[in-house]
Number of protein chains: 2
Amino acid sequence: MTDAKNQKRSVIRLLRSHGITPTSQRVKIAAALFEKPQHLTADQVMLMVNQDRKKVSKATIYNTLGLFAEKGLLKELTVDANRAYYDSTTHNHHHFFNQETQEMSDIAADDIEIKLPEQLPEGTEIERVEMVVYLRNKD
Amino acid sequence: MTDAKNQKRSVIRLLRSHGITPTSQRVKIAAALFEKPQHLTADQVMLMVNQDRKKVSKATIYNTLGLFAEKGLLKELTVDANRAYYDSTTHNHHHFFNQETQEMSDIAADDIEIKLPEQLPEGTEIERVEMVVYLRNKD
DNA sequence: CTGCTTGCAAAGGCTTTGCAGAACA
DNA sequence: TGTTCTGCAAAGCCTTTGCAAGCAG
């Protein structure tokens, strides 16, 4: 069996295991996303997925990214007020973001240390912690 | 002299000290913002400022908030993909953000501890660090 | 078959911009 | 008087939504 077919199968398995019906569009999007750890905007996903003849519509890209995030396959990041970024790696970690180049990279878990406050506002609990180190180019 | 007049004078001084020509609209906006530490969206500033007869236009609100942020009077926060928040306190600190209520609050500097990575991506330097603890209501 | 998905285009929310008139220095 | 600022409306960008046609189970 070819590698491509194997990859497709494992993507389908991944979707099913998260309660997502694997349509051809979703499989195509998932294959692009989960190929490697990366941080992508909806537009970038659109470009990756629409290289060939069979196009996936913008609406479906957005709906699918939203669905994947909701089902825990992706993490939506709030690093840039102008557009959403989706992280194909969902384990807990943080980010560098270079605003000049729009490039994001991960901060390895053991390169950072955060001691959170013990006192939270009345009646609340932590949902998640997002830390972003904004960078600029030197000189 | 009245307190209101004194407050107006100090706002004008503040603007001038940051190289901003104090027009009546800017003074009005600044007076609302710097009354106390707070986190406001453009819309909220609009509401605060337009209680009385003399209205400030939406364009001017946006332009002024952008100008204040550029001149270092305000800090623009990226906590919510849907809208920008402006923090009237610019010293370095972090935030709680309750997504259900849209409420933000400060995390006191000594309630938190962050050890940043020593290794930054090639050719970059840190511009700022933004950490947000996203909250949900308990139960 | 019956419901879930897709694609298109239109609508929506926040923010920026072009430009003419008003205010400032 | 020359420059800067304001307000209005229009435009822009990213994202969501309504709906008819298509596909999955």
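Below, chain A is the first sequence line, B the second, and so on; all start at residue 1. Not measured: the values here are computed from a predicted model. For the numbers below, each heavy atom of this structure counts, side chains included, while hydrogens, waters and symmetry mates do not.
Considering only side-chain atoms of A42(B), the nucleotide from dT15(C), dG7(C), dT6(C) that sits closest is dT15(C). Distances were taken from every side-chain heavy atom of A59(A) (C-beta onward) to each of dC8(C), dT5(C), dT15(D); the shortest belongs to dC8(C). The nucleotide whose nearest atom lies closest to any side-chain atom of T21(B) is, among dA25(C), dC8(C), dT6(D), dA25(C). Ranking dC5(D), dT15(C), dA25(C) by closeness to the R16(B) side chain, first place goes to dA25(C). If you check dC14(C), dT5(C), dG7(C) against the side chain of R26(A), the one that comes closest is dT5(C). The nucleotide whose nearest atom lies closest to any side-chain atom of R83(B) is, among dG7(D), dC14(C), dC5(D), dC14(C).
In this structure, the CG atom of L15(A) is 14 Å from the C1' atom of dT5(C), given to the nearest Å. The distance from atom CD1 of I61(A) to atom P of dT6(C) is 10 Å, rounded to the nearest whole Å. In this entry the distance linking CD of E76(A) with C1' of dT16(D) reads 13 Å, nearest Å.
OP1 and OP2 of dC23(D) both lie 4.0 Å or more from every side-chain N or O belonging to Q25(A). At the phosphate of dT15(D), OP1 or OP2 sits under 4.0 Å from a side-chain N or O atom of Y62(A). When the side-chain nitrogen and oxygen atoms of T41(A) are compared with OP1 and OP2 of dC14(D), none of them lie within a distance under 4.0 Å.
Note on ring orientation: taking the six-membered ring where Trp is involved, the planes of H93(B) and H95(B) are perpendicular (angle over 60°, cut-offs 30° and 60°).
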side-chain hydrogen bond (donor to acceptor under 3.5 Å, both in side chains) between E100(A) and N137(A), intermediate numbers included: CA-CA 7 Å; E100(A) 297 176 22; N137(A) 292 330; 2.9 Å; yes

From CA spacing to verdict: ring pair (Phe, Tyr, Trp, His ring centres under 6.0 Å), F96(B), Y134(B): CA-CA 6 Å; F96(B) 290 117; Y134(B) 291 92; over 10 Å; no

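At a threshold of 4.0 Å, the pair E130(B)-R128(B) counts as salt-bridged, since one of the basic side-chain nitrogens sits closer than that to a carboxylate oxygen.
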